[in-house]
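Report on the structure given below.
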Amino acid sequence: MKSKVIILDTTLRDGEQALQASLSAKEKLRIALSLEKCGIDIIEAGFPISSPGDFKSVQAISRKIKNSKICSLARCLEKDIDIAGQAISASNNSRIHIFLATSTLHITSKLRKNFDEIIEMAIFSVKKALRYTNDVQFSCEDASRTTIDNLCRIVEKLIKSGVKTINIPDTVGYTIPNEICSIINQLFERVPNIHKAVISVHCHDDLGMAVGNSISAIQSGARQIEGTINGIGERAGNTALEEIIMAIKVREDILKVSTNIVHKEIYRTSKIVSQICNMPIPSNKAIVGSNAFAHSSGIHQDGVLKNRQNYEIMDPSSIGLKDVKLNLTSRSGRAAVKYYMDEMGYKKNDYNIDDLYAAFLKLADKKGQVFDYDLEALAFMNQQQEESDYFLLKFFSVQSISNGLSTASVKLLCGNKTYTESATTRNGPVDAIYQAINRITHFPIVLQKFQLVAKGRGKDALGQVDILVEYNNRKFHGIGLATDIIESSAQAMINILNIIWKLQQINKKLRK
Ligand code: KIV
Ligand code: ZN
């Protein structure tokens, strides 16, 4: 029988820590639900000591997710481990992941300790973590730059103290396939109790070798791979899970291992992560890029038409990519919308059909024809909008004149009151509408990044605006989607105002 490779996803921890604006608890839960549906064995849900928000998200994910193990990260510090243990207490399938640097460089210049002290701290922390769960993972941070003698020494002691998974991180993305292969081989040869633990690798992509290094580690006997969806993460990112998973499937003949992944969920999960994290997928990205299955040259097109296998090593439908290209109009019924959502792989609980249908009709009236990618974008936007949103855009108008002046008027519903304001600027219509909104809400927001992308194809694509703002030293990310780019810009700002308003209500309750 083929042996299994366990997949640990750290999109919500290592991936999230590299985002410009942190994700809300609701966004993290949506990602966790997609990961669960995709068959991910272990979801590293966060680093609970890092913020009360992270603690709450790990707690919420632990309550909701039933089919994946929930993992919580901690340093070798008592308070970290206590908080990590409390955050996962609602789950009956949980893991605490503790880490400590083991390379001479890190322990002398960062921790100012000697190796005996490192071993002592590590063992003490493992014992503490075992009070919360019997599944403890230990990461020897910067393992790829740790001397092999020290690595073997600490790994043996960790396994003896009850660690079930030993993770070998290439923290700075420094190793190469032959080297990681040799590190894992030596652990298997020199650590007498090594077979009592699962060996894991966690590779960063600084030299573009994270996936290659992970594959090499599997060939040497590693049976857990850590990574993130779309490879998001610190600096150049982490091992891209969709790549490693498909490499294992496509090259099963050589690797002789398998995973528990539901491959048909890969494409959808990748899109959800990209959308929620505001991290566009490069078109040439392996597996999930928009060109990954496109054939451009005449010779390739001819070859594919004669036999797909001439130039295709995997079937796009195996990752859930279907060429649906529907064409709905305002005369299409709710059943047609539901049918095409099913065809694209969305389940009943992924969206609210009433809200989606209402949004679809509005769009169909404006655009005439609605395509599969429009429906997908609408479903996503409906999920983002909360029923209890405080601010709602009721009306707007903008006028831009060739002398450089732009004027915008907005009518905003704030709770149950409506306010109207206008503003004129020399910085274009988006600035004018933002100023008009600000005259109503008075939030001291500083716009840091504005990004407009076309969702869909052709001249009637939807415009998605992603903005990043700073408010009271915190960063917030907002999204707006509409056929009119001024409306999407306004919606993106209102999305952020609603998040801030909700946070203020939570803080008020906490202070009472
Ligand atoms: O890159 C790293 O070393 C880590 C550890 C916490 C596993 O992310
Ligand atoms: Zn990492």
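Along the sequence shown, residues carry numbers from 1. We count ligands from 1, going down the list as the structure has it; atoms in each ligand are counted the same way.
D82 and Y132 form a side-chain donor-acceptor contact under 3.5 Å, judged by distance and modelled atom types alone. In summary, the side chains of T269 and E265 do not present any donor paired with an acceptor at a separation below 3.5 Å, with no hydrogens or angles considered. Between the side chains of N230 and K285, no donor-acceptor pair of N or O atoms lies under 3.5 Å.
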query = Between I42 and Q224, is a side-chain contact (heavy atoms from CB on, under 4.5 Å) present by the stated rule, with each step listed?
reply = CA-CA 10 Å; I42 306 168; Q224 177 177 291; 3.6 Å; yes
side-chain contact (heavy atoms from CB on, under 4.5 Å) between H195 and F188, worked out = CA-CA 8 Å; H195 295 285; F188 276 110; 3.8 Å; yes
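In this structure, the side chain of Q59 does not engage the main chain of A87 through any donor-acceptor pair within 3.5 Å. Checked by atom type and distance alone, the side chain of D466 never pairs as donor or acceptor with a backbone atom of Q451 at under 3.5 Å.
Applying the side-chain contact (heavy atoms from CB on, under 4.5 Å) rule to S91 yields the partners S62, I70, N93, S94; only residues at least two apart in sequence or on another chain are considered. Among residues two or more places apart in sequence or in another chain, the ring pair (Phe, Tyr, Trp, His ring centres under 6.0 Å) test is passed with H477 by none.
Listed by chain and number, the protein N, O or S atoms at a distance under 2.8 Å from the Zn ion (ligand 2) are D14 OD2, H202 NE2, H204 NE2.
The contact shell of ligand 1, taken as protein residues with any non-hydrogen atom closer than 4.0 angstrom, comprises R13, D14, H97, F99, S139, E141, N167, P169, T171, H202, H204.
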